[in-house]
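All values reported here derive from a predicted model rather than from experimental measurement. In what follows, chains are A, B, ... by sequence order, proteins preceding strands, each numbered from 1. Just so you know, these numbers use all the heavy atoms, side chains as well, and skip hydrogens, waters and symmetry mates.
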Amino acid sequence: MVLKEDMARRDSRGKEQIQEVVAMRQRLRHSAAHVMADAVLQLFPEAKIGIGPPTDDGFYYDFEVSRPFTPEDLEHIEAIMRERIAGDFPFQKETIDRDGARELLGEQPYKLELIDDIPPEEPISTYRHNEFVDLCQGPHVESTGKIAAFTLQTVAGAYWRGDENRPMLQRIYGTAFETSAALEEHLKLLEEAEKRDHRRLGRQLDLFSVHEEVGPGLVIWHPKGGKVRSIVEDYWRELHYRRGYDLVYSPHVGRSRLWQTSGHLDFYSEGMYSPMDVDGQEYYMKPMNCPFHIMIYRSDLRSYRELPLRYGELGTVYRYERSGVLHGLMRVRGFTQDDAHIFCRPDQVEDEVLGVLDLTFELLDAFGFTDYEIFLSTRPEKFVGDLEMWEHATRSLAHALDTRNLDYDVDEGGGAFYGPKIDIRIRDALGRSWQCTTVQFDFNLPERFNLTFQGSDGEQHRPYMVHRAIIGSMERFLGVLIEHYGGAFPLWLAPVQAVTIPIADRHVDYALEVKDALSGQGFRPEVDSRKERMNLKIREAQMQKVPYMLVVGDEEMSKGTVSVRLRSEENLGPIALSGLLDRMKDELRSRS
RNA sequence: GCCCACAUAGCUCAGAGGCAGAGCACGUUCUUGGUAAGAACGGGGUCGGCGGUUCGACUCCGCCUGUGGGCUCCA
């Protein structure tokens, strides 16, 4: 999870000014990292220091020390940092030669390694403040006193240069801002993110659970979470039928021969579970749906006339994920992809990509996601398939993005070995970005399964194949939705849309009538007929984030009205039942 | 998988080498109340699991499982 530069992003300053703020904070944070390393070296003179860059929302520095840092160490480090800041030492840049750098940092093996990796033609510079010198390109703030507000956050292990075969260093994370108000605001945002944590809300709203006895990364959906999920799925299906997809189903396991042919056993085995023995034959849980959809394609001879074929499936796959990476709904071992495979002719490629983009944005828009980051990943050094197809596909992806006036970054060489792709990240209500959508060409599987179609020339041709998932996985997407809405689902998604609250027992029958009227119109209402006080019922409905609370007592009963309270705490007062239904129907339509 | 931390009632959490605690939830009874908690009483625990140290372990140590923050990877 990354909290981006929210302050800068959210206000109405122009792009240049935002970049200015970002650059200023990078200098500030980078400088704070230096000051932190300075403080650590004072406390642990024997510490070996790694790297200490700014990040999107803070900074870190990696250290090798003889024992793990404790919370008390962090306090001491922070105290020394404050002294350094109070001392207002200037940051001084020096350009030195390689030997000078090696001599200066001779005690620091990690720094020596970094020096060795600097290309010979590049200048080497150091930054010094007080007695601390670090190999560094800069830039920095003028002096330590400019670090107006900072805090240290957590300690974590981190491999030297991200390589798990190299030593694990201890990383201290912190953040810094230009004013303490800005720091406060950032910390408040973190607090808000914690309140919206889908794992906490999942329990509070009784949406889902995971259990040690079931297994890590395996999600159980409770009735309310199941309701939200099925609404999302129904909408997904409707949209796909409307956009010309055929929906299919495939089994959860397949014989080893299938995975041999697909190449998964050769290239994806670390993501697959051990085989099970069925009548002496090996079967594997599916990590992907593609081979099954390919079987559908191959179940008949295909003519150019019937292409494109678009097979969609909410397909549940199982992948081995290393225990340390599992996280709530966001990273699990069993998940349902909104998968589809498109088989088409070369001349259809671009239209198909456009179709996927349009479908994507229509769907994401319905959930209130309007802020995207788009990445186009091109051919890596090692690849399969012929160059011409790669170029055609890559051009089609780029052209489709251009046609829809979408900004994107190009990740040169970042594609998979089997094809170029577009990835889309969405930003949620807190400005955090999540990878969901991926549109990926595949030049490998059609080859391996020898897919063909007969062209108008009577010859056999190889179809283009595109994998695509829009919401990615149901689990992750539901997790994102929970956090995006903070658990307060819009009416169309809310598992319980209205709670009718009778004030006294004699109002229960009327409350049931109101409920029936609502469910008669397709809504999802409940009646809270417990022998409890209205105040308690309102409190609980409020905490369950139910959109509509309908209080009924003597007055409502005699006039055929309901007193409407919204979860925003707005009290609409008594409204005729028909008026309420109209209002709710409008809200449903607008998906707001 | 690796580093660090954590695991006590259904939930959130306090506690501590010598009889296991609170709030909420749950059950019973009383209360029929007009927009965020009515009251009383009650049931509920192999203190994550297995070993070890000790007269004695929920507490200290080791291993395992799970969770959290990271690294790496990813839908």
Side-chain angles (χ1 to χ4, degrees), chain A residues 1 50 55 60 62 64 67-71 153-173 194 197 199-200 203-204 206 209-217 270-271 287-289 315-317 319-339 423 425 434-438 440 467-477 479-480 501-508 530-544 549-556 563-567 569-574:
Chain A
M1 180 195 86
T55 62
Y60 64 82
D62 290 342
E64 185 180 286
R67 62 167 177 81
F69 290 120
T70 64
Q153 294 168 305
T154 55
V155 183
Y159 299 109
W160 170 238
R161 301 194 131 182
D163 182 344
E164 64 187 19
N165 299 311
R166 313 224 35 198
M168 178 160 284
L169 310 179
Q170 288 197 67
R171 174 171 298 178
I172 301 179
Y173 281 93
E194 209 170 302
D197 189 312
R199 294 165 299 184
R200 174 205 280 241
R203 157 142 288 295
Q204 278 170 6
D206 198 15
S209 58
V210 288
H211 304 263
E212 190 171 339
E213 50 271 70
V214 174
E270 75 288 353
M288 296 188 193
N289 303 300
T316 304
V317 298
R319 298 183 185 173
Y320 173 73
E321 297 285 354
R322 301 164 92 184
S323 58
V325 305
L326 300 173
H327 179 91
L329 295 176
M330 302 304 191
R331 192 74 182 273
V332 293
R333 283 179 172 163
F335 59 98
T336 301
Q337 288 183 306
D338 71 316
D339 210 355
D423 289 321
R425 290 218 292 247
W434 305 95
Q435 158 92 57
C436 293
T437 307
T438 173
Q440 171 114 49
H467 307 256
R468 43 109 289 183
I470 294 175
I471 69 185
S473 100
M474 291 305 307
E475 283 72 11
R476 176 177 294 178
F477 193 69
V480 172
I501 298 174
I503 287 176
D505 285 354
R506 64 180 179 281
H507 308 126
V508 168
R530 293 174 302 166
K531 293 165 88 75
E532 294 289 351
R533 299 188 60 184
M534 177 201 67
N535 286 305
L536 180 86
K537 297 178 184 181
I538 286 179
R539 177 181 150 83
E540 292 186 356
Q542 196 74 50
M543 291 197 305
Q544 287 298 306
M549 283 154 270
L550 311 174
V551 177
V552 297
D554 290 335
E555 205 184 316
E556 289 79 7
S563 278
V564 179
R565 179 188 162 113
L566 306 179
R567 68 183 159 197
E569 296 185 41
E570 192 182 349
N571 196 337
L572 300 183

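Checking B:G69, B:A75, B:G34 against the side-chain heavy atoms of A:T438 singles out B:A75 as nearest. Closest to the side chain of A:V325, out of B:G1, B:U31, B:A75, is B:G1.
A:R319 places a side-chain heavy atom less than 4.5 Å from the side chain of A:F335.
With hydrogens and angles left out, the side chain of A:N535 and the base of B:U35 share no donor-acceptor pair within 3.5 Å. For a distance-only test at 3.5 Å, the side chain of A:K531 fails to qualify as a donor-acceptor partner of the base of B:U31. Side-chain atoms of A:S563 come within donor-acceptor range of the base of B:G34, with a qualifying N/O pair under 3.5 Å. At a cut-off of 3.5 angstrom, counting only N and O atoms as typed in the model, there is no donor on one side facing an acceptor on the other between the side-chain of A:Y320 and the base of B:G1.
Considering only side-chain N and O atoms, A:R565 lies under 4.0 angstrom from the phosphate OP1 or OP2 of B:A36. The phosphate of B:G69 has OP1 or OP2 within less than 4.0 Å of a side-chain N or O from A:H327. For B:U67, neither phosphate oxygen OP1 nor OP2 lies less than 4.0 angstrom from any side-chain nitrogen or oxygen of A:R331. Contact annotation: A:R533 side-chain N/O to B:U32 OP1/OP2 distance is not under 4.0 Å. Contact between the side-chain N/O atoms of A:S323 and the OP1/OP2 oxygens of B:G1 is found at a separation under 4.0 Å.
On the P atoms, B:G21 is 32 Å away from B:C63, given to the nearest whole Å. On the P atoms, B:G44 is 46 Å away from B:C71, given to the nearest whole Å. As rounded to the nearest Å, B:C60 and B:U8 have P atoms that lie 15 Å from one another. Rounded to whole Å, the P atom of B:G48 lies 14 Å from the corresponding atom of B:A20. Atom name P, nucleotides B:A9 and B:G49: the rounded distance is 10 Å, in whole Å.
Across all strands shown, A:Y173 has heavy atoms under 4.0 Å from sugar-phosphate atoms exclusively, and none from any base. Nucleic acid contact for A:D554: base, since at least one base atom lies under 4.0 Å from a heavy atom of the residue.
Rounded to whole angstrom, the span from the NE2 atom of A:H211 across to the C1' atom of B:G48 amounts to 15 Å. A:R199 places its CZ atom 5 Å from the P atom of B:G68, with the value rounded to the nearest Å.
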